[in-house]
Undergrad: 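Handing you this structure, nothing more for now.
Each chain gets a letter, A, B and so on, in the order the sequences are listed, and its residues count up from 1. None of these values were measured; they are calculated from a predicted model.
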2 protein chains.
Amino acid sequence: MHDLIRQAEALCQRSGMAFTAPRRRVLEILAASETPMKAYDLISKAGEGGQATKPPTVYRALDFLCQLGLVHRIEQDATFVACNHAGHSHPMALFVCNTCLKATEVAYDEVVPILEKAAEVQGFHLTRLVVEGRGQCRDCALAA
Amino acid sequence: MHDLIRQAEALCQRSGMAFTAPRRRVLEILAASETPMKAYDLISKAGEGGQATKPPTVYRALDFLCQLGLVHRIEQDATFVACNHAGHSHPMALFVCNTCLKATEVAYDEVVPILEKAAEVQGFHLTRLVVEGRGQCRDCALAA
DNA sequence: CCTAGTATGTTATTACATAACACTACCTAC
DNA sequence: GTAGGTAGTGTTATGTAATAACATACTAGG
Ligand SMILES: [Zn+2]
Ligand SMILES: [Zn+2]
Ligand SMILES: [Zn+2]
Ligand SMILES: [Zn+2]
């Protein structure tokens, strides 16, 4: 998980952006979490020990990290998860296990042109795509 | 748009469910709307004229209508839109125009097996799929 | 009637997210 | 150096989305 932090430092340096304390803190917490986290859990966690942390601080950090592709927002349930393809920009889907709540990240290049085409048939030009799912992950399937 | 109401009546009758006043009201408002609506706009709108309408009433109606497939929830921005394939149960994607905010509903059967397979490779078994997008719709493209 | 099932009404609360403004650090032009 | 711009944070307050919990009403079956 420390890889991700180093990844972030490098990425920021290259693009002339600051990897500041709150941004680092939020990313560290997310990277250490087994499952996607809700914003307010993140806010409490970030406030543990040090000074109290307020919503805008964390939301700003999340926006930043999401834009860099280091963190993904899961729209289905408004949670956030650290990326495990560190800095990828290829299309990916996030599948959340109903049992253990962990998220599985899956690349799906194949799908994009199909959806783009399907949209284009109706005259719709896609600029952003959200693909998410629910189901059962490998570990939970084996445990059953 | 009245088609949808009749559709709903028929669907409820067949499955022994009640198409009650609040459910009808919510569906009527959504069917009359050009664009997807936020829950609280729906709540205000439902309260116009008659008695005040409170959140749980509308959220319950929305849950009901979503389960029947008469309404879809757009996860990206927590809005709700009446289905225009009335009672379909095939997989569909919802693409929202950045300009006019209208939603375009697109069938995409092709995509499902690909995503299922991609998930299965990682041992993940899909039970629900959310496909959404953003972009520009036909009308707005022509206007530009 | 009575009661189980289904749905609504109402109050209160919880959870998610942002507006607005003050302040700091840093960089660059003059 | 110092004035002004940019980027980022801290803080207060508020806006927006969703649900918990419990009371009440309607309806069909025994
Ligand atoms: Zn990722
Ligand atoms: Zn699992
Ligand atoms: Zn539909
Ligand atoms: Zn449009």
Undergrad: Hey, is Glu75(B) close enough to Arg128(B) for a salt bridge, meaning N to O under 4.0 Å?
TA: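 Salt bridge present between Glu75(B) and Arg128(B).
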
Undergrad: Report yes or no: does Gln122(B) contribute a side-chain atom to a donor-acceptor pair with the main-chain N or O of Glu105(A) at less than 3.5 Å?
TA: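 Yes.
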
Undergrad: Measuring from atom CG of Leu4(A) to atom CG of Leu70(A), what distance do you get when rounded to the nearest 0.5 angstrom?
TA: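 Answer for the CG-CG pair, Leu4(A) versus Leu70(A), is 5.5 Å.
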
Undergrad: Treat primed atoms plus P, OP1 and OP2 as sugar-phosphate and everything else as base, then score nucleotides 7-16 of chain C 5' to 3': B for base contact with protein heavy atoms under 4.0 Å, S for sugar-phosphate contact only, - for none.
TA: SBBBB----B

Undergrad: Salt bridge or not between Asp3(B) and Arg6(B)? Use side-chain N to carboxylate O under 4.0 Å.
TA: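 Result for this pair is yes, salt bridge flagged.
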
Undergrad: What range of DNA chain D does chain A touch, first nucleotide to last, counting atoms under 4.0 Å from its heavy atoms?
TA: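 For DNA chain D, the relevant span reads dG8(D) to dT12(D).
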
Undergrad: Nearest 0.5 Å, what's the CG-CD distance between Asn98(B) and Gln136(B)?
TA: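 With rounding to 0.5 Å, CG (Asn98(B)) is 8.5 Å from CD (Gln136(B)).
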
Undergrad: If the condition is salt bridge (charged side-chain N to carboxylate O under 4.0 Å, His left out), which residues does Arg138(B) pass it with, not counting sequence neighbours?
TA: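 Salt bridge (charged side-chain N to carboxylate O under 4.0 Å, His left out) list for Arg138(B), sorted by chain: empty.
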
Undergrad: Working to the nearest 0.5 Å, report the span between CD1 of Ile43(B) and OH of Tyr59(B).
TA: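 These two atoms lie 5.5 Å from each other.
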
